[in-house]
Amino acid sequence: MSDAGEFIDLALQREGSWSRAEALRYGLGRNPGGGGLGFYGASVGAVRGTVRDAGRRYSGLAHDEITALSSELWAVPVFERRLAAVVLLQDNVKLLTNSDLTRLEGFIREARLPDLVDPLAVDVVGPLVDGLDVLGRVRAVSVLDRWVREPDPWLRRAALLSPLMALRAGAGDWDRFVRHARAVLGEDVPGFTFDADTDADGARSDRDTDEDAAAVRAAVTRVLAEMAKRRPELQFTPVGG
């Protein structure tokens with residue numbers, strides 16, 4: 001373990017409490033994505049403060065050191081460590097590049113919890129893409145287009161939530177969000193064809209469980225609700241509506 005990783009891990013354990021750990025285990029641990037996680041019982045504020053303290057203690061970390069530390073924290077399936085990895089990336093998103101989407105995709109596939117997936121999508125993936133040059137952004141957008149087609153509902157959720165920060169600020173590509181939203185809601189959108197899952201006999205099977213479908217719909221609902229308040233001029237009309 002690196003010095004910075006050990007510092008963060010020990011600090012999170014010191015900040016933990018048995019009662020909070022039990023509450024997290026009862027809440028997040030009951031979610032299918034949280035069943036395999038451990039919990040120290042540190043608060044979100046304590047996680048953010050710990051990462052901030054680590055940034056002061058180990059200042060000047062470059063891109064490769066930040067991304068390696070995020071992977072080191074993520075590798076141990078403890079909720080607070082993984083949240084610390086998210087906060088670390090949030091704080092250093094300007095250092096991230098197009099190639100880091102592969103690492104982020106791996107995190108999202110493993111996270112399977114809104115508490116981890118949503119901040120990765122809104123505060124890391126979205127700003128990363130928006131900060132790229134024109135060519136880099138074209139490549140990154142093609143990755144998000146692929147995520148929307150993925151069988152994994154959490155990648156679809158992340159793709160839908162990724163433009164939220166830009167849309168809040170009066171920018172962002174609303175038309176692309178609408179196309180993505182219509183596609184995941186099962187509407188006929190040219191260019192968006194999902195790969196069907198198949199069962200052991202090769203027959204087509206339903207791709208999503210009810211929980212999977214709800215996780216994706218919740219992302220659409222969140223963006224639409226925020227835009228209804230902030231930018232009511234943006235319209236979302238279902239095909240045939």
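One-based numbering along the sequence shown.
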Legend entry - Nearest non-hydrogen partners of Ala21 and Phe39, listed with the distance: CB-O, 3.7 Å
Legend entry - Note: Asp145-Arg176 ion pair, threshold 4.0 Å (strictly below): yes
Legend entry - Main-chain N/O of Tyr40 paired with Glu80 side-chain donor or acceptor, under 3.5 Å: yes
Legend entry - Gln13 versus Arg81, side-chain donor and acceptor atoms under 3.5 Å: no
Inset, instruction - Return yes if some donor-acceptor pair links the side-chain N/O of Glu226 with the main-chain N/O of Leu164 below 3.5 Å, else return no. - result: no
Legend entry - Note, Thr50 side chain near Val87 side chain (heavy atom, < 4.5 Å): no
Legend entry - Minimal non-hydrogen separation, Ser2 against Gly5, with atom names: OG-N, 3.0 Å
Inset, instruction - Return the minimal non-hydrogen interatomic distance between Arg231 and Ala171, and the atom names on each side. - result: NH1-O, 2.9 Å
Inset, instruction - Mind checking the CZ-CH2 spacing from Arg109 to Trp147? Nearest 0.5 Å is all I need. - result: 9.0 Å
Legend entry - Same cluster (ILVMFWY, side-chain, under 4.5 Å), Leu167 and Leu224: yes
Legend entry - Nearest-0.5 Å distance, CG of residue Asp123 to CD of residue Gln90: 4.5 Å
Legend entry - Any donor-acceptor pair under 3.5 Å from Arg156 side chain to Arg149 backbone: no
Inset, instruction - Compare every heavy atom of Leu144 with every heavy atom of Ala159, then report the nearest pair and how far apart it is. - result: CB-O, 3.8 Å
Legend entry - Spatial distance of atom OG (Ser70) from atom CG (Leu120) [nearest 0.5 Å]: 9.5 Å
Legend entry - Test side-chain contact (heavy atoms from CB on, under 4.5 Å) applied to Val143 and Val129, step by step: CA-CA 10 Å; Val143 172; Val129 173; over 6 Å; no
Inset, instruction - Apply the test side-chain contact (heavy atoms from CB on, under 4.5 Å) to residues Ser162 and Val122: give CA-CA distance (whole Å), side-chain angles for both, the deciding distance (0.1 Å), then the verdict. - result: CA-CA 5 Å; Ser162 63; Val122 176; over 6 Å; no
Legend entry - Contact summary for Pro114 and Pro119, nearest pair of heavy atoms: O-CD, 3.5 Å
Inset, instruction - Would you check if the side chain of Arg25 reaches a backbone N or O of Gly38 as a donor-acceptor pair within less than 3.5 Å? - result: no
Inset, instruction - Kindly say whether Thr97 contributes a backbone atom to a donor-acceptor pair with the side chain of Asp100 at under 3.5 angstrom? - result: yes
Legend entry - pair Asp91-Ile66: side-chain heavy atoms closer than 4.5 Å: no
Inset, instruction - Treat each ILVMFWY residue as a node, draw an edge where side-chain heavy atoms are under 4.5 Å apart, and state whether Leu132 and Val138 are in one component. - result: no
Legend entry - Short side-chain to backbone donor-acceptor contact, Arg20 and Ala42, under 3.5 Å: no
Legend entry - Arg139, CZ: over 12 other non-hydrogen atoms inside 6.0 angstrom: no
Legend entry - Atom of Met227, atom of Arg168 and distance for their closest heavy-atom approach: CE-N, 3.9 Å
Inset, instruction - Start with the C-alpha gap between Phe107 and Leu89, add the side-chain angles, then the distance that decides, and say whether side-chain contact (heavy atoms from CB on, under 4.5 Å) holds. - result: CA-CA 12 Å; Phe107 288 177; Leu89 294 172; 3.9 Å; yes
Legend entry - Identified side-chain contact (heavy atoms from CB on, under 4.5 Å) counterpart of His180 within the set Val220, Val148, Asp173: Val148
Legend entry - Nearest-0.5 Å distance, CG of residue Asn98 to OG of residue Ser142: 8.0 Å
Legend entry - Check: Val86 and Val47 side chains under 4.5 Å, non-hydrogen atoms: no
Inset, instruction - Check whether any side-chain heavy atom of Arg222 lies under 4.5 Å from a side-chain heavy atom of Arg157, and answer yes or no. - result: no
Legend entry - Working for side-chain contact (heavy atoms from CB on, under 4.5 Å), residues Arg103 and Thr67: CA-CA 9 Å; Arg103 186 187 311 267; Thr67 54; 3.6 Å; yes
Inset, instruction - Decide whether Val44 and Val124 are clustered together by the hydrophobic rule: side chain heavy atoms of Ile, Leu, Val, Met, Phe, Trp, Tyr closer than 4.5 Å, transitively. - result: yes
Inset, instruction - Apply the side-chain contact (heavy atoms from CB on, under 4.5 Å) test between Leu101 and each candidate in Leu96, Ile108, Val125; give the one that qualifies. - result: Val125
Inset, instruction - Enter the distance from Asp115:CG to Leu28:CG here, rounded to the nearest 0.5 Å. - result: 4.5 Å
Inset, instruction - Group every Ile, Leu, Val, Met, Phe, Trp and Tyr by side-chain heavy-atom contacts under 4.5 Å, then state whether Leu73 and Leu10 land in the same group. - result: no
Legend entry - Reported CG-to-CG distance for the pair Leu128 and Leu104, which is rounded to 0.5 angstrom: 6.5 Å
Inset, instruction - Taking Trp174 for its side chain and Gln235 for its backbone only, find out whether a donor-acceptor pair lies under 3.5 Å. - result: yes
Inset, instruction - Please step through side-chain hydrogen bond (donor to acceptor under 3.5 Å, both in side chains) for the pair His63 and Asn92, ending with a clear verdict. - result: CA-CA 8 Å; His63 169 271; Asn92 294 278; over 6 Å; no
Inset, instruction - Flag the pair Leu116 / Phe79 as yes when at least one side-chain heavy-atom distance between them is below 4.5 Å, and no otherwise. - result: yes
Legend entry - Residues Trp74 and Glu110: side-chain donor-acceptor under 3.5 angstrom: yes
Inset, instruction - Sequence neighbours left out, what pairs pass salt bridge (charged side-chain N to carboxylate O under 4.0 Å, His left out) with at least one residue falling in residues 54-74? - result: Asp53-Arg56
Legend entry - Residue pair Asp212 / Arg112, side-chain heavy-atom distance below 4.5 Å: yes
Legend entry - Joint hydrophobic cluster, Leu88 plus Met1, side-chain heavy atoms closer than 4.5 Å: no
